[in-house]
Amino acid sequence: MSQDVTPLYVADVSAFTKQLRKSLSEADTLPGHAAMLALVAKAAGFRNHQHLKAAQPAQVDLDELALKRALRVFDDTGRMFRWPKWTKVQGLCLWPFWAQLPAHQDLSEKEVNAVLKGGLSFDDHVLLRRSLIDHKLATRTIDGRIYRRIEQRPTPEALALMDRLKDR
């Protein structure tokens, strides 16, 4: 049997133990492992052990190395002071800028530049603007006059990066 860890929060330990004791006293013999898991889950208010496992939030494994490298290119105020070397980290570092672009709105190049310059402490907003397009975080018309943020769910690493930058 696998060794999956299933956390269990019990709001009322007294009610939990009363229900578990009642279930154990109704059993003819001491229940086996799977039956005991089911009894514990029922005492905690779940239908069965599978229901308890399904109610747990999904564990997300973050790419901590990429996140650590991304955080290194932002200063104490949350402004990017250099462009990262790794392509994966570059894409990750673009998410805070993506989040600052207004959703569902056409923007001029000047408006996009204003957003990008506000988050940079080095002078290469053009690199970031092109990278937003390359990493599929924004689109632009063929003539380059109109930009638009591509609506999508940020990756778990991007959410973690933006959250940690918010604390700076």
Side-chain angles (χ1 to χ4, degrees), residues 1-82 84-105 107 115-116 118-121 128 131-132 135-139 148-168:
M1 185 170 214
S2 67
Q3 293 284 330
D4 290 340
V5 176
T6 307
L8 175 65
Y9 171 76
V10 178
D12 185 358
V13 175
S14 178
F16 172 79
T17 55
K18 284 180 184 176
Q19 178 63 39
L20 187 58
R21 182 173 173 257
K22 179 182 173 207
S23 297
L24 286 171
S25 67
E26 292 173 354
D28 297 334
T29 62
L30 191 60
H33 180 73
M36 189 66 179
L37 286 173
L39 291 176
V40 167
K42 285 180 182 177
F46 296 93
R47 290 189 303 270
N48 51 37
H49 183 243
Q50 288 77 20
H51 182 223
L52 169 64
K53 286 178 68 172
Q56 303 303 316
Q59 293 291 332
V60 177
D61 293 330
L62 293 178
D63 185 345
E64 289 293 336
L65 179 61
L67 187 57
K68 182 179 170 184
R69 287 179 182 250
L71 284 167
R72 283 189 207 158
V73 302
F74 291 91
D75 63 17
D76 293 338
T77 63
R79 294 181 59 168
M80 183 185 279
F81 65 88
R82 69 176 174 84
K85 294 178 184 176
W86 286 14
T87 304
K88 183 176 185 174
V89 177
Q90 291 170 358
L92 184 55
C93 290
L94 291 170
W95 281 100
F97 296 98
W98 173 88
Q100 292 177 16
L101 295 173
H104 309 291
Q105 212 175 63
L107 301 166
V115 170
L116 298 178
L120 288 177
S121 61
L128 265 69
S131 296
L132 282 168
H135 287 272
K136 309 261 188 276
L137 295 176
T139 61
R148 184 178 270 256
R149 178 175 109 166
I150 296 175
E151 297 307 315
Q152 57 192 297
R153 178 167 294 192
T155 64
E157 288 85 3
L159 291 171
L161 175 65
M162 290 186 282
D163 191 44
R164 292 180 191 179
L165 287 175
K166 214 183 304 179
D167 295 337
R168 291 185 173 185

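With values rounded to the nearest 0.5 angstrom, Glu151 atom CD is found 10.5 Å from Leu137 atom CG. The distance from atom CZ of Arg72 to atom SG of Cys93, rounded to the nearest 0.5 Å, is 11.5 Å. The distance from atom NZ of Lys68 to atom CG of Leu62, rounded to the nearest 0.5 Å, is 14.5 Å. Note that CG of Leu30 is 7.5 Å distant from CG of Leu24, once rounded to the nearest 0.5 Å.
Closest heavy-atom contact between Ser121 and Asp75: OG-OD2, 4.3 Å. Smallest separation of non-hydrogen atoms from Ser23 and Leu39: CB-CD2, 3.5 Å. Phe46 and Ala55 make their closest contact through CE2-CB, 3.7 Å (heavy atoms, listed as atom of the first residue, atom of the second, distance). Of all heavy-atom pairs between Leu65 and Trp86, the closest is CD2-CH2, 3.5 Å. Of all the heavy atoms in Leu92 and Ala66, the pair that sits closest is CD2-O, 3.7 Å. Heavy-atom minimum distance, Trp98 versus Gln152: CH2-O, 3.4 Å.
Annotation: side-chain hydrogen bond (donor to acceptor under 3.5 Å, both in side chains) contacts of Lys22 (sequence neighbours excluded): none. Remark: Asp12 pairs with no residue by the side-chain hydrogen bond (donor to acceptor under 3.5 Å, both in side chains) rule, at least two apart or across chains. For Phe74, there are no ring-ring contact (aromatic ring centres under 6.0 Å, His included) partners, not counting sequence neighbours. The side-chain contact (heavy atoms from CB on, under 4.5 Å) check on Arg21 picks up nothing, with sequence neighbours excluded. Listed by chain and residue number, Trp83, Leu94, Leu127, His135 satisfy the side-chain contact (heavy atoms from CB on, under 4.5 Å) test with Ser131 (two or more places apart in sequence, or in another chain).
With a 4.5 Å cut-off on side-chain heavy atoms, Met162 and Pro154 count as touching. The shortest distance between side-chain heavy atoms of Leu116 and Gln100 does not fall below 4.5 Å. Side-chain contact between Leu161 and Glu157 is absent, with no heavy atoms from C-beta onward closer than 4.5 Å. Here the side chains of Val40 and Phe16 are in contact, with some heavy-atom distance below 4.5 Å. Under the 4.5 Å side-chain criterion, counting only non-hydrogen atoms from C-beta, Gln90 is not in contact with Lys85. The shortest side-chain heavy-atom distance between Gln105 and Arg149 does not fall under the 4.5 Å cut-off. Considering only heavy atoms from C-beta on, Leu165 comes within 4.5 Å of Leu71 through its side chain. The closest side-chain heavy-atom distance from Lys42 to Gln19 is not below 4.5 Å.
Counting heavy atoms of neighbouring residues, nucleotides and ligands inside a 6.0 Å radius, atom CG of Asp76 does not exceed 12 of them. Within a 6.0 Å sphere centred on CZ of Arg47, heavy atoms belonging to other residues, nucleotides or ligands number 12 at most.
Sorted by first then second residue, the salt bridge (Lys or Arg N to Asp or Glu O under 4.0 Å) pairs that include residues 88-97, not counting sequence neighbours, are Asp63-Lys88.
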